[in-house]
Amino acid sequence: MNVEYVSANPTGPLHVGHARGAIFGDALAALLEFAGWDVTREYYINDAGAQVDVLARSAHFRYQEAHGRAVEIAPGLYPGDYLAPVGVAMKAVFGDTLLDRPEAEWLPVVREFAITAMMAMIREDLAALGVTMDRFQSEAALAAQGKVEAALARLSEQGLIYQGVLEPPKGKTPEDWEPREQTLFRSTAYGDDVDRPVKKSDGGWTYFAPDIAYHFDKVSRGYDLLIDVFGADHGGYVSRMKAVVAALSERKTPLDVKLVQLVKLFRNGEPFKMSKRAGDFVTLRDLVDQVGPDVARFTMLMRKNDAPLDFDFAKALEQSKDNAVWYVQYANARAHSVLRSGAEAGIGEAEIGAADLSSLTHEGWIDIAKKVAEWPRLMEMAAESHEPHRVAFYLFDLAGAFHALWNRAREEEALRFLQAGDEAGAPARLAMAKAVSVAISAGLGILGVTPVTEMR
RNA sequence: GCACCCGUAGCUCAGCUGGAUAGAGCGCUGCCCUCCGAAGGCAGAGGCCAGGGGUUCGAAUCCCUUCGGGUGCGCCA
């Protein structure tokens, strides 16, 4: 199967919204892999639209700047200073050969250079989060291979493409609305509300057209299941993408679209003030630098994908019960602590593996055993419903049960893992610690969070 | 106006796809501990599951509807 996520435009650094999509998609992919699927993690590069021309012009300004010219970035371009190194790099490669030339001459060259640089930066950002993609699919490459025309021809054969005029949207009719004939895709035949334009009135493709080609490409690769992870602002695209995949696969390839809601940033309960100046936003890298990949990942996975997320930087780093990441890590560290002590006392893997658990009749042991026993079923449900957050919540519950057992043992000697005078029962009790640790480690592994074995 | 998502404790959120007295964390109240296995522990109060209707032996969960919030809605990607 195929999971597509992030797919941010290659025009700048990834921000926190992208981070959530990346973390969600990555955890979902790992979860499905765990469930037995062969998963391709894919990133779709929008490197063919107008936005990459804007990128190229912005980069060309930085290129001039690298030549010592005092230039002012024109309005409408990307002002972020992340393009400055790109300008310097271009000077090193091209010298002054791209200066004072007509745009038509330098644009394709600068565009390709800048896109390559942006994608390198994006890969680094993703790597900082622990996210690695299997495949990067270029929109421009698909277009160059005539895939857009081919996909549209396919739909045309099915009688799903026609010339028509759309009704204006009710209620908020734009001032300049006038009926225009466009090339439309009959998505209503597959459950959409209205038919969708694939060509603009000037004859150029809409954004939808290359997306059709891209999904046709994915269908053609023979996946049993496609999953798209989109930002919530792409919610309006879900029904048309489902329609087009159904049409192109003769309803054989299911497409599940997961919408990831917005992230609101806080610090000590106060909303994070962001300057409105374009190009100034909280980047994925800022996030990782401040809280680390483990905290970023677990915190964002403690929320359903379709619910908005409040992310508090201060809380994320707190070491207490309100910090779920810390709490789960702590449980694992405690489990490993007793396992280490056991090993020192001569009770190792072999003894634990051969332990007879029937001696664990105390209610406290039964409780933790029940919780551990939920693990397989829970993982199965999480994978089936495409909801990695369930794993995170389960780990939090399991850690809670383990801490509760631990605390009870202060009063009740019988619930201690290592008891002076009852060495014979230690292997069985340590087996419970081992089971908790295995469940937590495997669960955290799927979420992409390092399972620590010691608190520092 | 239409579509999608959301509405569960004071706050932030879970709720195993229709099952028994609806859960957690924070906050609040009250005890205990602050020595041995960590950076505390235990208990309690607090819910018309937004409102209404329906399906069902049974609904927070499924359907319809109202209200409230978010996102999006041809020639932007």
Side-chain angles (χ1 to χ4, degrees), chain A residues 7-9 11 46-54 139 164-174 176-184 191-211 230-240 257-262 264 266 269 302-310 312 315 318-324 326-327 330 333-335 337-338 340-341 374 377-382 384-385 387 389-390 392-394 396-397 399-401 403-404 406-411 413 415-418 420 454-456:
Chain A
S7 296
N9 287 341
T11 54
N46 292 114
D47 54 0
Q51 80 283 354
V52 286
D53 288 343
V54 174
E139 176 189 348
V165 179
L166 285 176
E167 295 287 314
K170 298 280 191 315
K172 265 198 282 184
T173 308
D176 57 347
W177 175 273
E178 50 182 276
R180 296 221 174 115
E181 194 176 76
Q182 301 176 287
T183 305
L184 301 171
D192 202 357
D193 310 306
V194 291
D195 293 335
R196 307 291 180 172
V198 295
K199 268 189 183 177
K200 301 186 269 191
S201 52
D202 68 4
W205 298 118
T206 61
Y207 175 72
F208 186 36
D211 257 2
F230 289 166
D233 55 342
H234 284 61
Y237 267 76
V238 176
S239 52
R240 81 188 66 174
V257 181
K258 306 296 282 186
L259 294 179
V260 177
Q261 288 288 336
L262 299 174
K264 284 184 201 158
F266 292 83
M302 276 297 281
R303 198 97 315 164
K304 281 185 297 198
N305 60 286
D306 50 11
L309 169 73
D310 291 348
D312 193 309
K315 257 191 177 173
E318 220 169 82
Q319 298 200 332
S320 70
K321 206 172 177 179
D322 16 327
N323 186 338
W326 178 83
Y327 194 62
Y330 187 18
R334 274 181 157 170
S337 171
V338 287
R340 279 192 298 269
S341 302
E374 288 174 22
R377 170 81 177 142
L378 182 119
M379 297 302 284
E380 191 185 324
M381 293 306 301
E384 272 178 22
S385 58
E387 292 181 339
H389 77 273
R390 293 193 191 192
F393 275 96
Y394 169 76
F396 184 69
D397 279 352
H403 286 307
W406 190 281
N407 291 324
R408 263 182 97 172
R410 289 180 175 173
E411 301 296 324
E413 184 93 10
L415 290 176
R416 292 191 168 208
F417 291 97
L418 298 169
E454 209 173 344
M455 300 306 275
R456 289 276 168 198

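Below, read A as the first sequence line, B as the second, and so on, with proteins coming before strands; counting in each chain starts at 1. Nothing here was measured: the structure is a model prediction, and the numbers come from that model.
Between the OH atom of A:Tyr237 and the C1' atom of B:C5 there is a distance of 18 Å, given to the nearest Å. Atom CG in A:Asp195 sits about 16 Å away from atom P in B:A3, given to the nearest Å. One can place CH2 of A:Trp406 at 9 Å from P of B:G37, the figure rounded to the nearest angstrom. Following rounding to the nearest Å, A:Asp202 (CG) and B:G74 (P) show an atom-to-atom distance of 16 Å.
Remark: B:A24 base-pairs with B:U12; criterion is Watson-Crick or G-U wobble with both hydrogen-bond distances under 3.5 Å. Here B:G72 sits opposite B:C2 as a Watson-Crick or G-U wobble pair (both hydrogen-bonding atom distances under 3.5 Å).
Annotation: side-chain contact (heavy atoms from CB on, under 4.5 Å) contacts of A:Asp310 (sequence neighbours excluded): A:Lys264, A:Phe266. Listed by chain and residue number, nothing satisfies the ring-ring contact (aromatic ring centres under 6.0 Å, His included) test with A:Phe208 (two or more places apart in sequence, or in another chain). Shown here are the side chain to side chain donor-acceptor pair (under 3.5 Å) partners of A:Asp195, two or more places apart in sequence or in another chain: A:Tyr162, A:Thr188. With sequence neighbours excluded, the residues satisfying salt bridge (Lys or Arg N to Asp or Glu O under 4.0 Å) with A:Asp53 are A:Arg111. Here A:Glu387 pairs with A:Lys258, A:Ser385, A:His389, A:Arg390 under the side-chain contact (heavy atoms from CB on, under 4.5 Å) rule; sequence neighbours left out.
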### Query
What string of B, S and - do you get for nucleotides 6-16 of chain B, 5' to 3', when a contact is any protein heavy atom under 4.0 Å?
S-----SSSSS
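Considering only side-chain atoms of A:Trp326, the nucleotide from B:A3, B:A39, B:A38 that sits closest is B:A39. In the set B:G37, B:C75, B:A38, the nucleotide with an atom closest to the side chain of A:Tyr330 is B:A38. With B:G37, B:A77, B:A38 as the candidates, the nucleotide lying closest to the side chain of A:Gln51 is B:A77.
In terms of phosphate contacts, A:Lys264 brings no side-chain nitrogen or oxygen within less than 4.0 Å of OP1 or OP2 of B:G70. Here A:Arg334 reaches the OP1 or OP2 of B:A38: one of its side-chain N or O atoms lies under 4.0 Å away.
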